[in-house]
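Since this is a predicted model, take the numbers as computed values, not measurements. Below, chains carry the letters A, B, ... as their sequence lines are ordered, and counting in each starts from 1.
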2 protein chains.
Amino acid sequence: MTVTLADVAARAQVSPATVSRVLNGNYPVAASTRERVLRAVDELDYVLNGPASALAAATSDLVGILVNDIADPFFGIMAGAIQSEIGGPGGRAGGERLAVVCNTGGSPERELTYLTLLQRQRAAAVVLTGGAVENEPHAAAVAAKLRKLTAAGTRIVLCGRPPAPDTDAVALTFDNRGGGRELTEHLIRLGHRRLGYIAGPEERTTTRHRLEGHRAALAAAGVEDDPRRTVHGPYDRRAGYEATLELLRRDPTLTAVVAANDSVALGACAALRESGRRIPEDVSVAGFDDLPFSIDAVPSLTTVRLPLAEAGARAGRIAMGREEPPPGGIAMIRGELMVRGSSGVPRG
Amino acid sequence: MTVTLADVAARAQVSPATVSRVLNGNYPVAASTRERVLRAVDELDYVLNGPASALAAATSDLVGILVNDIADPFFGIMAGAIQSEIGGPGGRAGGERLAVVCNTGGSPERELTYLTLLQRQRAAAVVLTGGAVENEPHAAAVAAKLRKLTAAGTRIVLCGRPPAPDTDAVALTFDNRGGGRELTEHLIRLGHRRLGYIAGPEERTTTRHRLEGHRAALAAAGVEDDPRRTVHGPYDRRAGYEATLELLRRDPTLTAVVAANDSVALGACAALRESGRRIPEDVSVAGFDDLPFSIDAVPSLTTVRLPLAEAGARAGRIAMGREEPPPGGIAMIRGELMVRGSSGVPRG
DNA sequence: GCGCTTGCTGCAATCGCTTGCTGCACCGCT
DNA sequence: AGCGGTGCAGCAAGCGATTGCAGCAAGCGC
């Protein structure tokens with residue numbers, strides 16, 4: 001029914017071994033033989049059996065990419081960049097590898113399950129993106145799983161995620177703390193003293209780091225850090241909308257709202273506008289990430305640009321072994337403050 | 001080194017066959033035996049070898065999803081919905097399947113290469129999303145490939161893509177023509193007569209259909225259809241920005257700009273604003289797709305909502321054989337006109 | 001008590017490819 | 001002419017699961 005290596009071998013009048021070698025190209029084969037084989041492959045329209053090959057060679061050409069939410073451009077951009085480097089068709093790399101994008105939805109269990117699934121497939125590499133959940137047992141379970149994967153020859157890269165201790169996973173971490181700090185410093189410099197902060201979900205590292213940066217800036221400037229000015233919620237627009245209403249209820253005199261990310265900031269803008277406040281005349285707004293739509297917001301969003309595509313590409317190359325990991329296996333990637341229209345000097 | 005079925009079997013004092021049957025759960029196994037096996041699996045921390053299993057069973061648990069651009073929420077949303085239905089961890093489906101998301105970048109060659117790669121992996125199903133390229137040889141090549149995949153037992157579903165003739169691929173097609181027509185009818189009804197149209201890349205079906213709908217509306221209303229009022233470009237913000245400047249250059253008296261999709265519309269808004277025009281007082285703008293950010297545009301975008309998540313979910317279920325394909329294997333999915341702030345009555 | 005059905009379990013072949021090792025020409029050197 | 005080298009090709013042993021078929025024990029009817 002389906003064409004196998006043996007069929008090709010028969011047609012080309014060589015042994016299956018030779019066909020395999022021609023196809024894998026890592027063994028000397030005489031030019032004439034090679035050509036005969038390739039012709040046979042072509043004539044029979046032969047397609048290698050991936051599973052069989054993976055079984056025999058004990059490695060597959062699958063690369064896993066774990067993301068929290070594939071519909072979120074934050075992850076989409078990274079995933080795209082990673083994929084373009086791991087050498088799917090059209091990528092600069094040689095081999096043709098398939099990217100397996102796994103949507104964890106931010107759930108720790110799914111994260112583990114997906115790692116197991118990738119282990120089962122004997123993935124060549126796995127890139128984990130996005131913040132980690134701060135939960136000791138889970139972190140330990142993930143670390144154990146990563147160690148097992150590494151032992152099985154799977155390369156592990158963390159992209160935009162804190163390093164995993166006791167693991168030899170390479171980590172490209174975003175400087176969320178520094179970015180958060182810079183952003184708030186900028187607002188303080190403009191004269192803001194009553195700043196609301198819309199944080200992400202409590203248990204995520206990204207949330208904590210950005211918030212810590214914010215607080216560090218407040219502390220350094222001697223600005224009071226009223227805990228009632230911080231609200232937690234998911235990383236989406238709706239959360240920003242609702243959190244902003246809540247913040248305004250608690251303190252209608254806020255002059256600035258710092259959001260956990262750009263989507264949240266957009267929701268905040270909507271809420272502020274509905275409450276009759278102008279941006280930035282009445283209230284300044286700041287986001288984080290600098291996703292493509294941020295520049296189109298009206299006014300355009302002051303935010304911290306994270307080089308998502310660059311980081312993803314680098315992670316992809318490292319995962320493929322085409323680039324040296326950073327010294328110590330850890331690199332801190334800084335964001336860049338983008339001052340735009342949504343932040344201004346407070347009135348009065 | 002790595003634990004195999006045989007190891008588990010030895011530990012549970014049964015044959016490998018029995019272990020396999022316990023794991024696959026499709027064969028009678030005594031409860032006591034089953035439990036013993038599961039305990040052994042657990043104690044040894046056994047992970048099934050995917051490739052070996054796929055080889056022996058001649059099917060894998062991989063499902064391919066082809067998208068044009070994973071960083072674009074249009075595709076991200078569909079991919080996420082598809083994935084949630086194909087039964088990865090946390091999905092409602094039983095088996096645990098892995099979604100392979102392939103970024104074609106809109107390139108026909110990559111599309112074919114990816115299909116071959118998926119064929120190689122013996123994918124259980126493949127979902128192709130987004131418009132097709134209108135190019136006879138390529139369409140024929142894709143159809144041939146799809147036929148081969150089907151013959152190998154891979155289920156094929158097209159999601160948001162026109163049917164593929166001579167193929168038994170199930171097609172869930174968006175009614176781009178109808179949506180385009182409704183949108184333009186809406187603008188005409190408001191009183192617009194000089195409408196610019198920013199179309200997508202020439203060779204894509206989506207582009208053509210939306211444009212045809214636009215023209216049909218013009219024709220039906222007896223509005224002149226000056227070809228100089230149509231500009232083609234990529235489906236991104238920047239293209240919208242540049243195309244708008246070009247349209248204004250050609251005819252500064254335009255009262256409305258219809259964009260190929262929401263991203264393009266956002267670019268158009270930016271260009272209009274920079275040229276000193278107000279939206280919608282001076283110029284109305286309309287998009288297509290109703291991506292999440294459209295409602296946050298200022299003013300919020302009049303557009304055609306496409307039920308991306310629903311369509312993706314349905315495609316996923318059909319791909320998994322958990323839902324009956326539509327009669328004839330083809331379903332037309334309609335969009336819904338969302339009238340919002342960016343469209344209004346033209347002045348004068 | 002015998003034979004037959006029913007319900008599990010095991011044997012062993014098979015899936016299609018990779019790769020270490022052996023084997024065979026042929027070449028160039030002495 | 002003899003000999004070591006070199007360059008290709010083939011043999012055959014796996015890789016780790018699945019599954020058709022055989023086998024065996026217990027249960028049941030007559």
Side-chain angles (χ1 to χ4, degrees), chain A residues 1-38 40-41 44-62 95-96 117 119-124 152-153, chain B residues 1-38 40-41 44-62 95-96 117 119-124 152-153:
Chain A
M1 179 63 206
T2 67
V3 184
T4 74
L5 240 210
D7 299 328
V8 175
R11 174 150 198 138
Q13 317 227 54
V14 296
S15 74
T18 301
V19 177
S20 170
R21 287 174 181 134
V22 168
L23 261 27
N24 289 303
N26 46 17
Y27 198 84
V29 173
S32 64
T33 311
R34 170 195 317 281
E35 195 176 335
R36 204 144 28 90
V37 169
L38 290 178
V41 164
L44 294 176
D45 207 13
Y46 170 68
V47 175
L48 188 70
N49 183 316
S53 161
L55 171 58
T59 79
S60 78
D61 45 8
L62 259 39
E96 286 173 341
L117 247 32
Q119 179 186 1
R120 167 183 302 186
Q121 297 298 336
R122 306 297 186 257
Chain B
M1 178 64 206
T2 68
V3 185
T4 73
L5 239 210
D7 299 328
V8 176
R11 172 146 198 143
Q13 317 228 55
V14 296
S15 74
T18 301
V19 177
S20 170
R21 296 203 258 250
V22 168
L23 262 26
N24 290 303
N26 47 16
Y27 202 86
V29 173
S32 64
T33 311
R34 169 195 317 280
E35 194 176 335
R36 201 143 33 88
V37 169
L38 290 179
V41 165
L44 295 176
D45 208 12
Y46 169 68
V47 175
L48 188 71
N49 184 315
S53 161
L55 171 58
T59 79
S60 79
D61 46 8
L62 259 39
E96 286 173 341
L117 246 33
Q119 178 185 3
R120 165 183 305 188
Q121 297 297 336
R122 305 297 187 256

Just so I know, are the side chains of [X] and [Y] near enough to count as touching, which here means a heavy-atom distance under 4.5 Å?
X        : Y       : result
B/Leu62  : A/Leu62 : yes
B/Asp45  : B/Val3  : no
A/Arg122 : A/Leu55 : no
A/Leu23  : A/Leu5  : yes

Query raised in the report: Could you state the interatomic distance from OG (B/Ser15) to CZ (B/Arg21), rounded to the nearest 0.5 Å?
Result: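 So the OG of B/Ser15 and the CZ of B/Arg21 are separated by 6.5 Å.
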
Query raised in the report: How long is the span from the CG atom in A/Leu44 to the CZ atom in A/Arg11, to the nearest 0.5 Å?
Result: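 Between atom CG of A/Leu44 and atom CZ of A/Arg11 there are 5.0 Å.
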
Requested in this report: Could you check B/Arg36 against A/Ala57 and say which one's nearest nucleotide on DNA chain C is further toward the 5' end?
Outcome: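 Here B/Arg36 is the residue nearer the 5' end.
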
Query raised in the report: Shortest non-hydrogen contact from A/Val29 to A/Arg34?
Result: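 Taking A/Val29 first and A/Arg34 second, the nearest heavy atoms are O-NH2, 3.4 Å.
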
Distance check: side-chain N/O of [X] vs OP1/OP2 of [N], anything under 4.0 Å?
X       : N      : answer
B/Ser20 : D/dA17 : no
B/Tyr46 : D/dG16 : no
A/Asn49 : C/dC15 : no

Can you check the [X] [atom1] to [N] [atom2] distance for me, whole Å?
X        : N      : atom1 : atom2 : result
A/Leu48  : C/dG16 : CG    : P     : 12 Å
A/Leu23  : C/dT18 : CG    : P     : 7 Å
B/Arg34  : C/dC8  : CZ    : C1'   : 12 Å
A/Gln121 : D/dG16 : CD    : P     : 15 Å
A/Leu5   : D/dC15 : CG    : P     : 19 Å
A/Arg122 : D/dC15 : CZ    : C1'   : 11 Å

Query raised in the report: When you measure from the side chain of B/Thr4, which nucleotide among D/dA9, D/dC8, D/dA17 comes out closest?
Result: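 In terms of side-chain proximity for B/Thr4, the closest of D/dA9, D/dC8, D/dA17 is D/dA17.
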
Report task. Please tell me which of the listed nucleotides, D/dC8, C/dT9, D/dG16, lies nearest to the side chain of A/Leu55? Result ->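 Nearest listed nucleotide: D/dG16.
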
Which atoms of nucleotides 10-14 of chain C (N or O only) lie under 3.5 Å from a protein N or O atom, and what are those distances?
from, atom 1, to, atom 2, distance (Å)
C/dG10, OP2, B/Ser15, N, 2.8
C/dG10, OP2, B/Ser15, OG, 3.2
C/dG10, OP2, B/Thr18, OG1, 2.7
C/dG10, N7, B/Arg21, NH2, 2.8
C/dG10, O6, B/Arg21, NH2, 2.8

